[in-house]
Amino acid sequence: MQISTRSGPRILAVLGPTNTGKTHLAMDRMLAHTTGMIGFPLRLLARENYDRAIARVGKGAVALITGEERILPPHARYYLCTVEAMPVNMPVDFMAIDEIQMCADPERGHVFTDRLLHARGRYETMFMGAATIRPVIRKLVANVEFETRARFSTLTYSGPKKIQRLPSQSAVVTFSAQEVYAVAELVRRQKGGAAVVLGALSPRTRNAQVEMFQNGDVEHLIATDAIGMGLNLDLQHVAFAALSKFDGQFHRSLSAAETAQIAGRAGRHMNDGSFGVTGNLTGIDPDIIEQIEAHEFEPLAKVYWRSAQPDFRSIEGLQKSLRRLPSDPTLIRVREPVDEIMLDYLSHIEDIARTTRSPDRVRLLWEVCQIPDFRNIHTDAHPRLLSAIYQFLCQPKSKLPIDWMGEQVLRMDRYDGDIDQLSSRLAGIRVWTYVSHKHNWLDDAIHWQERTRAIEDKLSDVLHERLTQRFVDRRTSVLLKSLKDKSELMSTITANGEVQVEGEFVGRLEGFRFIADETDAAFEGKAIASAARRALSGEIAQRVKTLETDEDTQFAVNGKLEILWLDSVVATLKKGDTVLSPEISVIDSEFFDGPTRERVRTRIQTWLNSHIETRLKMLTRLRDCQMTGAIRGLLFQLNEGLGCVPRSELESLIKDLTDEDRKALAKLGVRLGVETVHVLDALKPDPVELRGILWAVSRDLEALPELPPAGRTSVPNDRSNSKGFYLAAGYMPVGPLAARVDMLERFAALLRQKARENDGKVRPDPDLLSLLGCTVEQAEGVFAALGWRPEIVKVKKAVAEPVADPAAEPVAETVVAPSDSDAPVADEAEGTVADAAPAAEVAAEAETPRQDAVEPVESAAAASDGDANADAAAVSPTDEDEYEEVKFFVRVDRRKRHPAGQNNRGPRNQAAGAGEGRTDSRGEGRGAGNRGGQKGAPRHAKGGPKAGPKGGSGGGRNNGNTQQPAAKSNQINEDSSFAKLKEMLAAKG
């Protein structure tokens, strides 16, 4: 297929090897026209030629357009762009595309092919590139003229050279950041320093590193193939440390043309250059050498292509149009590029598929999918980011929220960390720099452009400083004298991770991180350690394989939210989609490339999911239940609360539960208490620690706060800890204490029982204190937190015998209850309903003897509580000295909160015909006696009166047959300290 051109305009293809002045010619031709545009393969090259054009015609006449930067003067006439960002529909007199042989690139080739077929100037169009593209241009473009340019200087092969023997003004080329840093470290030790150039660096950082080389501050440059695209350097020699690379899909050898593109950077203008190999390479294939020296390569027969007419009527139509096959055999459909992969990912998200129905929405989705992934981390982080951006843009305002955008940018506004961390943040801010240039996506795009550019520039400068500090050291000459006879250093790694170089200990390998020996301050030792790092690549690869096959028992998670493998930190936890599904972040390691890091991440994530499923089965089964209605919402909130939620927060859901729902909850181990709703098994020490860790991760904390000691029924309420933390640990903050939720339910039940036995008045006696293992003052604070108010009553002095304080008496020390024995059980009366239910039932449970509780001690106040009111009423001024004021606690009458005469009984109490006459928070009548009626044989408190026959009336207070409970006959043990205290008080009068 050929694209016909209009009569008159000139189409010129200027082809030849590197160092032929093709780009210089295009700049001259563009500036000779009134208007013009040139597309470059790299943002760096666009910026470099933008600066040149400004120097010649002024800043107001030149525009710069890249994905991450737009400088558009009002009256711009010349446009310097990246190929992808070219506004090809803008009419200009002159149009040029540099490095046109990139049409054959598997990833970006389809963009260059589109420009070859469709980008035209009104008067002149120019394509610059390697001669290998000539047959393709001739076949696809009609009326094209060819101009072949010869190289200004000679390029020859000089064979292998060791790094220490490389000539000055040399570049060492390898193909990963890990290898670049390793070689740069070695060159620093042997040659005094090196500049580094990688594609992952920002243009500003790369320019600073190149300038350091050009100025002579260092004599060597360590680079990837990023130098092969148009960087004009004063290089005399290019040495290949590797001849194969990973191209995003495959690990493959360089072609002859690719090797020549890189080697051709040696020799500037009329100066001859040379190329060769170094490191472990022994040479280059003779046929390739011959092709490079003669500049003759096999011509290209195919180029990559993608339809330039996308169908935006639907997502399916867009995908189909992008996958359309070309009609010309010279064109081959591009491998599935990143933007199509993102489109496929987002189209499977239900919310996005549902909202993307109109052509405008489809066009917007495709625009979002084209946001570059500068981070290139090979995880689902980028598609999730695109999903969030698209869904924000589909909202009514059709703009990205300012606070959300600010939060994303703020994460990158940090300048601490090592080179890898700075590089990662730099790549991240480049994404937001790209987004900031989408003017219709932001309310104040100019502000965000300035802010992201400022952060990118600052990160670039800091990264340049760190690279210089790491790879440039003038003191290397001292090391050269001591190590000049040692071209290769012997390195060994012991079983416990010690790294030895030439028999000397230089550091330790912990997991996948090398920790240099900090005690060795000599420069020579540091240089040896750098060589040790270079020697660890094989060990790291073996460790990755071991990690993938190791059993789950070799992994663990600690309170610092770190994941350990063989006791070494290999990853950290980070917030996931739900509290039970955190994600992991693999530690930064100079030895990891993208695929290796993903292998490690996948294995650790698999273990973490299994670990949570095993240890928190009682919670994951709640998550996996297929239920509907109120119970579904309750289970969801219970999961988010990690198995413990205050009942007040779930009241609206609880009141809508059916009897079947309650039975289902009981089977799942869920207890509907009066104060909390919790999962029984989750209170055990083993799941508590993991619950605390998951809570800390979900709150983006750096570490897990200190958990209450295992088995403690209560701990002091540390106000620096949040309520959510205590709930995640199975404790409920109540006044001065945080009480374990099962013991708190028993405490509240016993409190209500004692109130019924003493006309609504309660004092903190030993029975209550022993449940929470607290002092009288602490218990009073708990009373207040549970809604009990103090009331002062005058009673006879003989009655006002002091209540023992467990904090002061050895016999009443804090009770540490075994977690298993203290775990609550399901409601025995209903059998299947896990509810706190009537107070009498809970009281019965609370009165069950406990092996670990303090033995009940008789109190004069407890013995005569029933006569307190009568005694108080009998007080007269004449015998006032025989009475004293005593603090009791009474519960605020909940019935007073409703209009007079309103029947507040719940449906279950009305059916039973029994109860105390008050309602609980669910609206269910609560009786102090038995449920009676349709409930069958009622429960009764231990030692209390039993109910009548099945179906008869219960023992509630409001049924007219109230029975006084049997008086408690607690006798003080004559050998106890309480008995001795009583004798002392009696002796004093």
Side-chain angles (χ1 to χ4, degrees), residues 41 67-68 82-85 102-114 199-200 245-252 302-326 331-356 359 361-394 408 424 427-428 430-432 434-435 438 441 577 583 586 593-599 601-602 605:
E68 305 159 61
T82 52
V83 173
E84 284 84 351
M102 287 284 290
C103 289
D105 182 76
E107 293 184 12
R108 303 172 62 200
H110 64 284
V111 180
F112 284 80
T113 301
D114 179 77
K245 70 173 186 176
F246 182 75
D247 65 2
Q249 288 188 330
F250 308 103
H251 195 84
R252 62 176 180 81
K302 307 282 185 180
V303 293
Y304 288 98
W305 173 90
R306 184 168 70 183
S307 173
Q309 298 177 337
D311 180 1
F312 294 115
R313 290 176 296 179
S314 67
I315 295 178
E316 295 78 9
L318 175 59
Q319 291 174 317
K320 185 177 180 180
S321 64
L322 294 174
R323 294 167 183 164
R324 186 179 302 135
L325 296 176
L331 306 175
I332 54 176
R333 206 185 82 80
V334 67
R335 297 178 187 171
E336 190 172 20
V338 175
D339 50 10
E340 289 188 38
I341 295 174
M342 295 300 103
L343 177 64
D344 182 67
Y345 181 95
L346 297 184
S347 67
H348 285 86
I349 298 177
E350 183 177 347
D351 290 344
I352 292 178
R354 184 173 59 254
T355 58
T356 310
R361 288 287 177 86
V362 176
R363 188 184 299 273
L364 173 62
L365 178 62
W366 179 234
E367 191 175 358
V368 169
C369 291
Q370 291 178 305
I371 297 175
D373 181 13
F374 294 107
R375 295 169 294 180
N376 196 28
I377 54 179
H378 303 288
T379 68
D380 61 349
H382 188 65
R384 284 192 284 110
L385 174 63
L386 300 189
S387 173
I389 291 175
Y390 176 73
Q391 294 186 66
F392 278 130
L393 295 176
C394 287
Q408 305 304 314
S424 177
R430 291 178 69 187
V431 173
W432 297 110
Y434 181 95
V435 171
K438 298 292 185 179
W441 290 3
D577 294 334
E583 297 179 356
V586 178
D593 54 16
T596 302
R597 183 183 299 274
E598 180 60 16
R599 288 167 56 195
R601 188 201 68 81
T602 300
Q605 188 74 60

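Along the sequence shown, residues carry numbers from 1.
In terms of modelled atom types and a separation under 3.5 Å, the side chain of H382 and the main chain of M342 share no donor-acceptor contact. Judged by distance alone, the side chain of R108 and the main-chain N or O of P41 form a donor-acceptor pair under 3.5 Å.
Summarising the geometry of R306 relative to L322, their closest heavy-atom pair is CG-O, 3.6 Å, with the distance given to 0.1 Å. For S321 against P310, the heavy-atom pair with the smallest separation is OG-CA, 3.5 Å.
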- Apply side-chain contact (heavy atoms from CB on, under 4.5 Å) to F112 and V303, showing your working. CA-CA 9 Å; F112 284 80; V303 293; over 6 Å; no
- Message: Determine whether K438 and E367 satisfy the following criterion, side-chain contact (heavy atoms from CB on, under 4.5 Å), listing intermediate values before the conclusion.
- Response: CA-CA 10 Å; K438 298 292 185 179; E367 191 175 358; 3.4 Å; yes
- I would like to know whether R323 and E336 meet side-chain contact (heavy atoms from CB on, under 4.5 Å); could you show each step before the answer? CA-CA 9 Å; R323 294 167 183 164; E336 190 172 20; 4.2 Å; yes
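With rounding to the nearest 0.5 angstrom, the CG atom of L343 is 5.0 Å from the CG atom of L318. If you take CZ on R384 and OG on S387, they are separated by 9.5 Å, rounding to the nearest 0.5 Å. Here the OG1 atom belonging to T602 is positioned 12.5 Å from the CZ atom belonging to R597, to the nearest 0.5 angstrom. Here CG of D380 is found 6.0 Å from CD of E583. Values are rounded to the nearest 0.5 Å. Note that the CZ atom of R335 and the NE2 atom of H110 stand 13.0 Å from one another [nearest 0.5 Å]. Between atom CZ of residue R361 and atom CD1 of residue I315 there is a gap of 11.0 Å, rounded to the nearest 0.5 Å.
No more than 12 heavy atoms of other residues, nucleotides or ligands shown are found within 6.0 angstrom of CZ on R313.
Looking at R252 and K245, their side chains come closer than 4.5 Å, going by heavy atoms from C-beta outward. Looking at heavy atoms from C-beta onward, I332 lies in side-chain contact with Y304 at the 4.5 angstrom threshold. The closest side-chain heavy-atom distance from F312 to L365 is not below 4.5 Å. Counting only heavy atoms from C-beta outward, the side chains of E84 and Q370 never approach each other to under 4.5 Å. Here the side chains of V368 and F392 are not in contact, with every heavy-atom distance at 4.5 Å or above.
Each of I352, L346, L386 was compared with Q391 under the side chain to side chain contact (heavy atoms under 4.5 Å, CB included) criterion, and only I352 meets it.
Ionic pairing of R324 and D311 is not present here: no N-O contact between side-chain nitrogen and carboxylate oxygen is shorter than 4.0 angstrom.
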